[in-house]
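As structure tokens, the structure follows; a few thoughts come after it.
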There are 2 protein chains.
Amino acid sequence: MALGKDYAHQQCSIARALEVVGERWTLLVVRDAFYGVRRYNDFLVHLGVPRAVLAARLQALVEAGVLDKRRYQESPPRDEYVLTERGLALWPVLRSLGAWGRAEVPGAVPVRHFHHADCGTELGPYGECPLCRVPVPPADVEMRPGAGLDPDPADPVGRALLAPRRLLVPVGREDAPERGNS
Amino acid sequence: MALGKDYAHQQCSIARALEVVGERWTLLVVRDAFYGVRRYNDFLVHLGVPRAVLAARLQALVEAGVLDKRRYQESPPRDEYVLTERGLALWPVLRSLGAWGRAEVPGAVPVRHFHHADCGTELGPYGECPLCRVPVPPADVEMRPGAGLDPDPADPVGRALLAPRRLLVPVGREDAPERGNS
DNA sequence: AGGTTAGGTTCATTCACCGAACTGACGGGT
DNA sequence: ACCCGTCAGTTCGGTGAATGAACCTAACCT
């Protein structure tokens with residue numbers, strides 16, 4: 001654990017949160033998980049993170065109970081990483097960070113917009129719907145591309161994320177038929 | 001810039017935010033600034049961060065417009081670091097991180113409580129007052145110690161933060177007589 | 001048999017973090 | 001005048017983590 005040594009004696013739940021999600025790349029992995037990325041290789045091409053770092057982060061997030069590693073096929077054994085309840089609870093953190101990055105970092109053009117799927121209203125800075133006045137769970141959030149989004153990303157995951165889509169819906173199978181279960 | 005190289009080509013305002021506040025110690029420095037810490041040495045003893053790292057983080061935060069470095073006395077030239085508007089806008093990020101750390105990291109006992117100073121109600125996870133139904137700006141937040149707080153911290157800053165206090169009020173001059181003058 | 005894909009592991013290099021020591025400007029005591 | 005202490009850093013050697021490239025395994029495709 002990189003951060004544990006010195007953060008541990010901090011008397012603060014912020015420090016404890018940062019011990020789990022404060023390392024480089026970790027929050028971007030979680031962000032991609034919200035966007036529907038589930039597989040090692042998809043994280044890899046979309047983030048451009050070194051393979052060893054990605055493996056370490058995924059394992060740490062699984063051990064922290066943020067992601068769940070689940071076998072989705074046996075014949076070539078393949079696992080996917082899915083957000084747990086604890087991971088889904090990080091949605092406000094990502095929302096507030098993204099809102100700050102868009103509003104306060106100079107030269108930031110809106111890259112993605114997040115809307116309440118039920119009513120179409122754009123979410124407020126904490127992920128709440130200003131119209132319905134309720135916090136919107138990530139499963140009810142629709143993501144739409146913004147003006148600052150690269151219209152032709154190099155990686156297939158980036159291309160799949162160009163279209164409007166629900167959060168948490170697995171990426172890469174939009175036009176592929178559902179596997180198996182009804 | 002440590003993180004800039006690879007985060008830069010990310011199409012995401014979260015990544016842009018993390019380029020500014022995503023490095024180790026950075027968010028804890030900002031947290032302490034909300035708690036009223038303003039001086040180099042106070043950050044140093046309260047965080048236990050290496051001096052070189054602290055100097056680098058403070059400088060980076062000043063360059064990013066999160067902190068303002070201002071001269072508060074001339075005779076021995078002394079500067080203090082105060083949150084700017086842009087820095088104050090990070091309050092929801094710290095709130096959501098702290099709420100997640102308290103709720104989702106196992107074994108976390110509440111360390112500090114945050115109340116709306118106007119009505120005394122404890123804040124919700126996004127820094128809003130559930131009674132008044134308004135987002136509470138940090139200047140109107142009263143911080144109170146919780147059960148998990150070390151009752152006898154080694155550093156004087158930690159001791160000063162034991163008492164209930166407003167956020168953003170400069171720390172370290174509660175009971176200390178003004179040095180020199182008068 | 002050979003190639004491809006998914007999901008890693010290993011390795012050498014680079015880079016950031018760490019702790020301790022040093023600097024330098026000032027102020028106070030004797 | 002001299003020494004000591006404080007504040008705010010900078011410098012420096014050692015350690016550990018991040019990086020990119022190469023390698024490995026297991027299974028499927030042809």
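We name chains A, B, ... by the order of the sequence lines, and we start the count at 1 in each one.
Side chains of E142(B) and H115(B): a donor-acceptor N/O pair is absent below 3.5 angstrom, by distance only. Side-chain polar atoms of H46(B) and D155(B) form no donor-acceptor pair below 3.5 angstrom.
Using a 4.0 Å heavy-atom cutoff across all strands shown, F43(A) reaches no nucleic acid atom at all.
When distances are taken from the side chain of K69(A) to each of dG8(C), dT10(D), dC18(C), the shortest belongs to dG8(C). Closest approach to the P50(A) side chain among dG20(D), dC17(C), dC7(D) is made by dG20(D) (side chain taken as heavy atoms from C-beta onward). Residue R78(B) has its side chain nearest to dA8(D) when only dA6(C), dA18(D), dA8(D) are considered. Picking from dG7(C), dC17(C), dA21(C) the nucleotide with the shortest atom distance to the side chain of R57(B) gives dC17(C). Counting only heavy atoms from C-beta on, R39(A) has its side chain closest to dA6(C) among dC18(C), dA6(C), dT6(D). Which of dT19(D), dC17(C), dG9(D) sits closest to the side chain of E23(B) comes down to dC17(C). The side chain of P77(A) has dA27(D) as its nearest neighbour among dA27(D), dG8(C), dA8(D). Listed nucleotides dT19(D), dC18(C), dT11(D) differ in distance to A52(B); the shortest reach to its side chain belongs to dT11(D). Checking dG27(C), dC18(C), dG9(D) against the side-chain heavy atoms of P76(B) singles out dG27(C) as nearest. Of the candidates dC28(D), dA18(D), dT10(D), dT10(D) carries the atom nearest the R51(B) side chain, counting heavy atoms from C-beta on.
Atom P of nucleotide dA16(C) and atom CG of L54(B) are separated by 18 Å, given to the nearest angstrom. The nearest whole Å value for the distance from the CG atom in L58(B) to the P atom in dT10(D) is 10 Å. Taking atom CG of L44(A) as the reference point, atom P of dG8(C) lies 11 Å away to the nearest angstrom. Spacing between atom CD of Q73(B) and atom C1' of dA25(C) amounts to 12 Å, rounded to whole angstrom units. Nucleotide dG8(C) holds its C1' atom 17 Å from the CD atom of E80(A), rounded to whole Å. The distance between atom CZ of R71(A) and atom P of dA26(D), rounded to the nearest whole Å, is 13 Å. In this structure, L28(B) atom CG and dC17(C) atom P are separated by 13 Å, rounded to whole Å. Going from atom CD of Q59(B) over to atom P of dA8(D) covers 16 Å, rounded to whole Å.
Taking the six-membered ring for Trp and the full ring otherwise, W91(A) and Y126(A) have centroids separated by 6.0 Å or more.
With R86(A) contributing its side chain and E104(B) its backbone, the two residues share a donor-acceptor pair below 3.5 Å. Side-chain N or O atoms of R166(A) include one that pairs as donor or acceptor with a backbone N or O of A139(A) at under 3.5 Å.
Between W25(B) and dA16(C), a side-chain N or O to OP1/OP2 separation shorter than 4.0 Å is absent. Of the side-chain N and O atoms in Y40(A), none sit less than 4.0 angstrom from OP1 or OP2 of dT9(C). At the phosphate of dG7(C), neither OP1 nor OP2 sits under 4.0 Å from any side-chain N or O atom of N41(A). Taking only side-chain nitrogens and oxygens, Y72(B) comes nearer than 4.0 Å to OP1 or OP2 of dA8(D).
Looking at every heavy atom in both residues, Y35(A) comes nearest to C12(B) through OH-SG, 4.0 Å.
Between A56(B) and E74(A), the residue anchored nearer the 5' end of DNA chain D, judged by the nucleotide with its closest heavy atom, is A56(B).
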